[in-house]
Novice: 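Following this message is one structure expressed as structure tokens.
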Amino acid sequence: MKIWGDTMFMWIILSIALFSIIYFFIKASFHSHVLKISFRNIFRIKRESFLMILGSMIGTAFIIGSLGMNDSFKNYIYKSVDLYFGEIDEVINSKVSINYNDIEPFIWELEKENLIDGVLPIFFKLYPVTKKGNIRGLKISELSQASLVGMDYTLISNFGENKVEVPTEFLKLKNNEAIITKRLAERLKVKEGEEIEIITGASPINILFPKRFKVVKIIDSKGIFNYRGIDANNGIGTVFINLAAARSITKIPSNNYYQILISNRGDYIKGNKLTEKVKNVYEKMKTKGEFIPVKDNQIKAIDRGGVSYIFLALSLFAIISGGVLIINMYSMLVSERKRELGVLRAIGFKRKDIRNVIFYESIFYTIFSIPFGIATGLLISRFTFSKVTSLFESLSSFENIIGEIPLIDSYYISPNSIIIGIAVGILLPLTITFWYSHSIGKINIVNAIKDLEEEKKKVKFEKYKYKIENGFAIVIFIIALFLK
Amino acid sequence: MIKTINLKKTYKNEGVEVHALKGINLEIKDGEMVSILGPSGSGKSTLLNCLSGIDKPTEGKVIIDNIDITTLKDDDLTTFRAKNMGFIFQFFNLIPVLNAVENVELPLLVLGYNEKEARGMAEEMLIEVGLKDRMKNFPNMLSGGEAQRVAIARALVTKPKIVWADEPTGALDTKTGISIMNLIRELNEKNNQTFVIVTHDPRITEYTRRILKMDSGILTEHENLG
Ligand SMILES: Nc1ncnc2c1ncn2[C@@H]1O[C@H](COP(=O)(O)OP(=O)(O)OP(=O)(O)O)[C@@H](O)[C@H]1O
Ligand SMILES: [Mg+2]
């Protein structure tokens with residue numbers, strides 16, 4: 001439902017933006033003499049028109065830019081979450097194994113409430129693993145901690161929002177065969193066809209007789225096929241074996257598991273955040289084991305440095321400064337034309353008509369500036385993003401995070417953000433001008449007509465010019481800051 | 001008929017009060033051509049602005065054809081102005097993005113005339129003020145005198161009952177000023193419109209039948225040259 005909410009919201013904003021433009025054009029066509037003045041003003045080929053478009057453009061660019069940066073950071077988080085969890089949202093964990101019968105009422109309840117896309121009971125434990133021969137040779141330093149995962153792999157195809165094609169190697173795993181992840185294989189220096197040894201206990205017997213598995217495949221995958229446990233950072237990689245083999249290692253009773261993986265309905269990344277609800281059901285049903293919201297935890301861990309707040313602050317700053325810039329542009333525009341507007345008032349233009357002279361003009365500027373604004377916004381944000389992230393990567397906040405997360409080098413902006421950027425890029429200047437032109441309608445006719453006579457104009461223009469140039473200077477300063 | 005009753009206007013600036021109009025009572029009959037003469041700062045422009053309704057008096061009434069315009073709502077007052085009044089200001093006050101004929105037809109379009117009709121009337125009016133060959137010129141391509149003629153055409157095109165002119169020749173050389181005043185008088189005689197002209201130049205008053213003299217916010221003298 002939520003995903004619909006987001007998309008709907010986006011479409012509603014865009015429709016409002018487009019409809020308001022169409023509405024104002026239709027309205028304007030009934031006041032063609034007002035429209036004519038507005039339209040001609042744009043082509044009074046002057047520095048002001050250019051500044052107006054530039055101002056609106058920068059406003060849009062800021063908005064698009066900040067959305068782009070947000071998207072990229074989110075995308076980065078999601079990518080790293082996707083790498084180790086994929087469809088897995090929560091895990092019911094038990095140190096001593098848990099009987100599936102004890103879990104079932106909870107699962108039924110979740111299904112009844114339509115909260116999940118599947119559950120996956122698995123065998124999971126961390127063991128020292130090495131290449132065959134190293135234990136006999138007493139090369140203890142060659143031992144690596146790895147996750148041992150066993151499950152009924154056929155169940156994966158029904159785990160998650162979309163049907164998953166399970167590689168046949170998983171389905172055909174024999175009791176003495178294993179599939180290992182690429183990173184583990186590299187660490188153990190094992191190739192396909194070679195054997196690995198797993199020490200499954202601390203007793204001398206276990207050490208003297210480690211379990212042997214033939215590596216039938218080395219995979220480089222993500223999500224469930226790269227699952228390394230609830231916090232994703234305990235082992236080097238994962239050894240996948242079949243369920244029977246897994247049971248025989250620890251001799252846990254049949255129908256018992258160490259972990260129950262849960263996939264929530266829909267996609268977390270698309271905005272389906274059901275973890276709280278699942279947790280409530282878990283508590284309501286007094287389910288055994290320990291409830292671990294793995295995906296939430298992971299996202300919080302990555303965002304420990306509050307990076308997302310920095311991007312949020314940047315976005316807010318962008319929108320506010322974009323708005324201030326636009327207001328300044330318009331006040332400049334109006335102070336330039338005050339006298340003209342006063343004359344129009346005297347000869348019969350109502351307040352409403354004066355408002356429209358300015359407002360229609362702003363619609364043109366807005367439309368002109370949107371495409372350029374988006375292009376510049378994408379450029380600015382791409383650039384700023386890489387600068388900000390490289391800044392953060394060099395700071396300590398990223399150090400403690402699990403290894404091999406994808407580098408934050410990939411810039412990403414969602415189509416939604418572009419649409420929202422367009423909509424806000426239209427609505428923000430229009431709202432500001434609408435509000436601003438309201439106050440313009442109230443100009444004192446006498447003062448407005450006197451304006452030029454008293455040569456106030458020049459002074460005022462200088463003042464605004466100063467403000468605008470300040471604004472540009474700040475922008476350039478910020479960009480320069482990230483450039484260095 | 002234009003009539004004021006005890007018209008006062010006080011400006012307050014940072015606690016200092018300036019009494020620009022100190023109780024003006026006057027009557028101007030339909031078709032009259034009146035000049036208001038007085039030194040700079042005596043309140044001439046303030047009086048004219050209050051009479052025409054582009055400024056609000058602090059006290060008193062401005063009654064035009066039995067309507068007290070000081071009580072009208074802004075939109076109604078605007079419409080009243082558009083229908084009944086024309087404006088000529090000292091400095092050229094044409095809309096820079098509109099050419100001569102477009103400037104002149106603007107008040108007609110505001111009143112809801114259709115474009116063809118408005119264009120025809122505007123062209124006629126421009127011919128009347130002697131600008132047959134300047135119809136498509138934009139204001140920056142007109143001389144000061146020509147621009148003021150366009151402004152006069154714009155003020156008169158709606159055939160208003162009253163025309164207000166604040167220093168209409170103030171920005172023109174003497175020769176051009178004289179031709180503008182001749183034009184104004186000619187139009188006044190032809191159409192029986194009321195003209196109220198503000199000036200500090202006594203030579204201008206020679207063109208009018210009646211002179212109101214102002215000093216420090218009060219009317220000091222009436223002169224009828226009838
Ligand atoms: N907005 C204002 N605020 C304060 N005082 C004002 C304002 N407008 C006019 N005044 C004052 O009111 C008085 C009358 O001004 P007004 O413009 O009517 O004079 P005027 O007779 O038209 O002069 P001029 O011939 O120089 O145009 C002056 O003393 C002027 O300083
Ligand atoms: Mg004056």
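Chain letters run A, B, ... following the sequence lines, proteins first and then strands; every chain starts at 1. What you see is a predicted model, and the numbers here were worked out from it, not measured in a lab. Because only heavy atoms are used, hydrogens play no part in the values below, and waters and symmetry mates are left out as well, while side chains stay in.
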Novice: If you count the non-hydrogen atoms of other residues, nucleotides and ligands that lie under 6.0 Å from NZ in B:K3, is the total more than 12?
Specialist: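 Count not over threshold, so no.
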
Novice: Can you name the one residue among B:N93, B:L94, B:L106, B:N103 that meets side chain to side chain contact (heavy atoms under 4.5 Å, CB included) with A:V343?
Specialist: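 One option only clears the test, and that one is B:N93.
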
Novice: Closest approach of A:A346 and B:F89, non-hydrogen atoms and distance?
Specialist: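 Result for this residue pair: CB-CZ, 4.0 Å.
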
Novice: Within a 6.0 Å radius of atom CZ on A:F372, are there more than 12 heavy atoms belonging to other residues, nucleotides or ligands?
Specialist: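 For A:F372, atom CZ is not crowded (no more than 12 foreign heavy atoms under 6.0 Å).
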
Novice: With a 6.0 Å cut-off (strictly less than), is the heavy-atom count around OH of B:Y11, excluding the residue itself, greater than 12?
Specialist: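 Count over threshold, so yes.
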
Novice: Is any side-chain N of the basic residue among B:D74 and A:R351 closer than 4.0 Å to the acidic one's carboxylate O?
Specialist: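 So B:D74 pairs with A:R351 through a salt bridge.
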
Novice: A quick test of your reading: do over 12 heavy atoms of other residues, nucleotides or ligands sit less than 6.0 Å from NZ of B:K83?
Specialist: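 Open.
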
Novice: Is there a side-chain contact between A:I445 and B:D55 in this structure, where contact means two heavy atoms from C-beta onward sitting under 4.5 Å apart?
Specialist: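 Sidechains of B:D55 and A:I445: no contact.
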
Novice: Does any backbone or side-chain atom of A:K36 lie under 4.5 Å from a heavy atom of chain B? Answer side chain, backbone, both or neither.
Specialist: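 Only the side chain of A:K36 comes within 4.5 Å of chain B.
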
Novice: Does A:H33 reach the side chain of B:E115, with side-chain heavy atoms less than 4.5 Å apart?
Specialist: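 They are not in contact (no side-chain heavy atoms under 4.5 Å apart), so the answer is no.
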
Novice: Under 4.5 Å between any side-chain heavy atoms of B:T78 and A:F349, yes or no?
Specialist: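 No, their side chains stay 4.5 Å or more apart.
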
Novice: Using a cut-off of 6.0 Å, state whether more than 12 heavy atoms not belonging to B:K161 lie near its atom NZ.
Specialist: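 It does not: B:K161 NZ has 12 such atoms or fewer within range.
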
Novice: Got a salt bridge between A:R40 and B:E102, using NZ or NE/NH1/NH2 to carboxylate O under 4.0 Å?
Specialist: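 The answer is yes: the pair qualifies as a salt bridge.
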
Novice: Look up atom CZ in A:R337 and atom CD1 in B:I95, then write down how far apart they are to the nearest 0.5 Å.
Specialist: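 Answer for the CZ-CD1 pair, A:R337 versus B:I95, is 10.5 Å.
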
Novice: Just wondering, do A:I347 and B:V110 contact through their side chains at under 4.5 Å, heavy atoms?
Specialist: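 A side-chain contact under 4.5 Å is absent here.
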
Novice: Indicate the atoms forming the closest heavy-atom contact of A:G348 with B:A82, along with that distance.
Specialist: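 So the two residues come closest at CA-CB, 3.9 Å.
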
Novice: Looking at B:N140, I'd like to know if its CG atom is crowded, meaning that more than 12 non-hydrogen atoms belonging to other residues, nucleotides or ligands lie closer than 6.0 Å.
Specialist: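 Enclosed.
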
